[in-house]
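Here's the structure, in C-alpha cells; my notes come after.
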Amino acid sequence: MAIIKQSDKQYSLPPQGSRTRLGLLLVDEGFITPDQLQEALRIQKESSQNPEEYKYLGQILVEKNFIDAEHLQYVLTKHNKKTRLGDILLRSNAISEQDLDKALKEQKKSGLRLGEILLKKSLVSEEAMRQALCTQLNIPYIEISRLDIDLNLTKIINRDYASRHHIIPISMTESSITLAMDDPTDTEIVAELEMFTRLKINIVTTSRDSIQKAFQQLYPQETKDHEISTEDFNQEDDAADFTIDLEEDDSEEASKPSYVEVQESMRADILVQRIISLAIQRNTSDIHLENLDQRLVVRFRIDGLLQELDLGSLQKDINNFHREVISRIKILGKLDIAEKRLSQDGSFRSQVIRKGEKSNIDFRISVIPSYYGENVVIRILDSQKSPSSIEHLNFSPRLTENMLKVFRKNTGIILVTGPTGSGKSTTLQSGLLSAYRPGLKVLTAEDPIEYVYENFMQCEVNEKIGLTFASYIRVFLRHDPEIIMIGEIRDGETAEMAVRAAQTGHLVLSTLHTNDSLGAITRLTGLGIDPSMITSSLIGVISQRLARRICPRCKESYSPPEELINEFFATPPTDISWVKGKGCTECNYAGFKGRLALAELWEPNQDDIILINKRAPLEDLQVTARQSTIPIMEEAIGKVEAGETTLEELIRVLPYSFIENHRRLQSQSG
C-alpha cells in the first residue's frame, strides 16, 4: 500500500497500478490533495461498472475542478503519461482490436496520425473520434449552435486566419479567449495566437460541420477594405508549417494591452508575421521595406538579388497599414517609434517552430528616413544555416584538401578576401570550425556576432565604448588562446596587432576587402604593415565570390551563345553538357535557387616571399603566384562542367580580368 502523509493525516492508497500512478504524481507535485485523489478514484471505480460510462482519472479531476486542463497536460507531457487515442477508442468500444492493429500498421508506413487513418478508412465515426480526443486532451466537446457568439470577436481573429486553420472564436474575457478548433491537437496555432494576443487560449472542439456553419454565420462573405485577408496569397509560400514568436519586452513594467489595443495591433502583428515567414521560407538574406507614395514596397534579397514576389491581396493590406507595420518592426527592435528623423539600428531574436522543431533566428534592423517615410532593412540570421566546416562548402576536392591543411596549422595568419556579400564570414567561420580541436581555446571579436558556438568565447565589437578589434586582440593575448578570429581588418592598428599575434605563436583568422588574393598584400602594406612582417606570418589567402546555383527542379539542356563561350575559352570545349534553369514556381522563375562559393587559395611560396620583401611590382608577383595558387577560374569552370551554374552567371559575379586572364593562359598553354 502507498502511504501519503499530509499535515497530521495519513492516507492509504491502492497499489500503484496504471490508474493511480498519475494521481500520485499530481499529489507529489502539489497539484491536487490526497483527499481529492481519493474522491476521484471513487468516482472512477463507480464508472468502471459500465464501459460506456468509464472515465479516466484526469478527466474526473478536471470535471471536479480539482485541477485545470493546462496543468494536467503539463504533468502528462512531463511524465509521458498521456493516454493513447487507440486505448480510449478501445475502452469505449468505438473500434475493435483488429481495426486498431490494421490502423497502427498503416501508420508506421504512412506516418499519418492514427485518427486520420481511422476516419479515412471509416473505422470510426467523426463524433466518436472527437469524443475520444476530448478525453485524451481533457477538453470540452460543445454544440456551437446553442451559443450566442459575439460578432466583435472577428476583430481579434480575422476571416482568413480562421478559415485557414479551421477555428472559431467562442468567447473572450480580459485575460483569455476560447476557441473551437477542428484540430485541437494543433498546439502551434495555440502558441501563435497566445503570442499575438497575449491572452490565454482555451480550447474546445465540435464537429467539422458545426464549425463550418458557425464560420458562415460569424464571418460574412464580403471582406472590408481594411480587413487583413490573404486568400489570394500562394498557400505554398505561407507559414502553415511553422510559427514565429516575435517577442517584445515582457518585463513586469510592460502593461497588458486593452481589448481595443489588441484589435489594433493584431493587424500589424499578422502582416509582419506573414512577411518574415515568407522570407524565411524563400531563404531570404534581407527584407527591404521601402516607403513610396501611399504604398510600401516589400523586396526580398534571394540568392544575392532583390526580388519582388507576388503577394496577392497581402500587398493591399501592407499598403493600408504601412505605418503600423514599420512601427511594429521598430517595437520588435526596441527602437524609438516616435523618432522618424534619424536613422536607427536594432535587433531582436525569434524562436521559430518548424515542423515541430524549435530553432532561433536573429534579426538585425536598420531604419533610415526618406522622402515618403521610413525605410527598413531586416537582415535574417538563421541558426539552421550557420556554417559547419570547410568540407560542407562544396569546394572541389583539391581546394578543400588544401584549405584544411592551411586551417589546421598551429601559427600564422589566414585571410579571407572579397567584396561585400561574397560569403567571407561564412568561409571564415567554417575555417574556424575546421581548425578547432578539443583542448584549444578560441577567442573571437565580431561585428556583430551572427552565430553563437558553444566551444568559442565570442565578443562583440562596440566602438562607442572603445571595444574595437584592436583592443580585443590586446586583451585576447592575455587569455592564452591558441586561435584568434577577428571579424575584419579595417585599420592599421588592427592589422599590426593581428600580424604580431600571428608572429607570437597564435593562429589568427580574419577578412579583408580586396578584389583577389594577391590584393591582400597591397591592402596590408597600404595600412602601414612592413612586408617582412607580412611574409613572416601570412600562411594563406582565400579570395571568393558567390554565384547562383541552377534550380534543380527546372534544369534543362541549352547551348550558350558562341560569343560567350569564346569569352572564356581559347578553344571551345566539346565535353561540357551545358545546362540552365528554365524558370519555375520553385525558383520564382529566376532559373536559380541557392548559391555556391567560388574561391581561390594562395599559399605564398619562397619565390612569392622574396618578391614581397623586395616590394616588387604586383605583375611580377602574379607570375610566381601561379605556382602557389589554386585559381578561382579553375573552380568556376568546374562548377559549370558539373551543371551547377552557368557562364552567364560567371560573367555577372567574376571580375572580367579573371576571365580574360584565364583565356590568355589557355592560349599560351595550348
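Here, residue 1 is the first one in the sequence, and each next residue gets the next number.
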Salt bridge (Lys or Arg N to Asp or Glu O under 4.0 Å) partners of residues 406-429, not counting sequence neighbours, each pair once: E391-R408
Within 6.0 Å of NZ in K580, more than 12 heavy atoms from elsewhere: no
Residues, nucleotides or ligands: over 12 heavy atoms within 6.0 Å of K582 NZ: no
Consider only side-chain N and O atoms of [X] and [Y], and report whether a donor and an acceptor are under 3.5 Å apart.
X	Y	answer
E600	T629	no
S430	T427	no
N588	Q307	yes
D345	S366	yes

Those residues that, when tested against S537, pass side chain to side chain donor-acceptor pair (under 3.5 Å) (two or more places apart): none
Would you call [X] and [Y] a salt bridge, using N to O less than 4.0 angstrom?
X	Y	value
R548	D303	no
E339	R341	yes
R398	E634	yes
R299	E308	no

T511 side chain vs G487 backbone, donor-acceptor pair below 3.5 Å: yes
Polar side-chain atom of Y371 near backbone of N291 as donor-acceptor pair, under 3.5 Å: no
Pair Y436 + Y453: ring centers closer than 6.0 Å: no
The single option from V377, L306, I302 passing side chain to side chain contact (heavy atoms under 4.5 Å, CB included) against D286: V377
What donor-acceptor contacts under 3.5 angstrom involve side-chain atoms of residues 650-661, with partners at least two apart or in another chain?
from	atom 1	to	atom 2	distance (Å)
R652	NE	E649	OE1	3.1
R652	NE	E649	OE2	3.3
R652	NH2	E649	OE2	2.6
Y656	OH	E567	OE1	2.5
N661	OD1	R664	NH2	2.3

Test item: [X] and [Y] side chains (from C-beta on) under 4.5 Å apart, heavy atoms:
X	Y	value
I529	E496	yes
E635	Q544	no
L524	L415	yes

F569 and H662 aromatic ring geometry - parallel, tilted or perpendicular at 30°/60° bounds: perpendicular
Identified side-chain hydrogen bond (donor to acceptor under 3.5 Å, both in side chains) counterpart of W602 within the set T417, D516, D608: D608
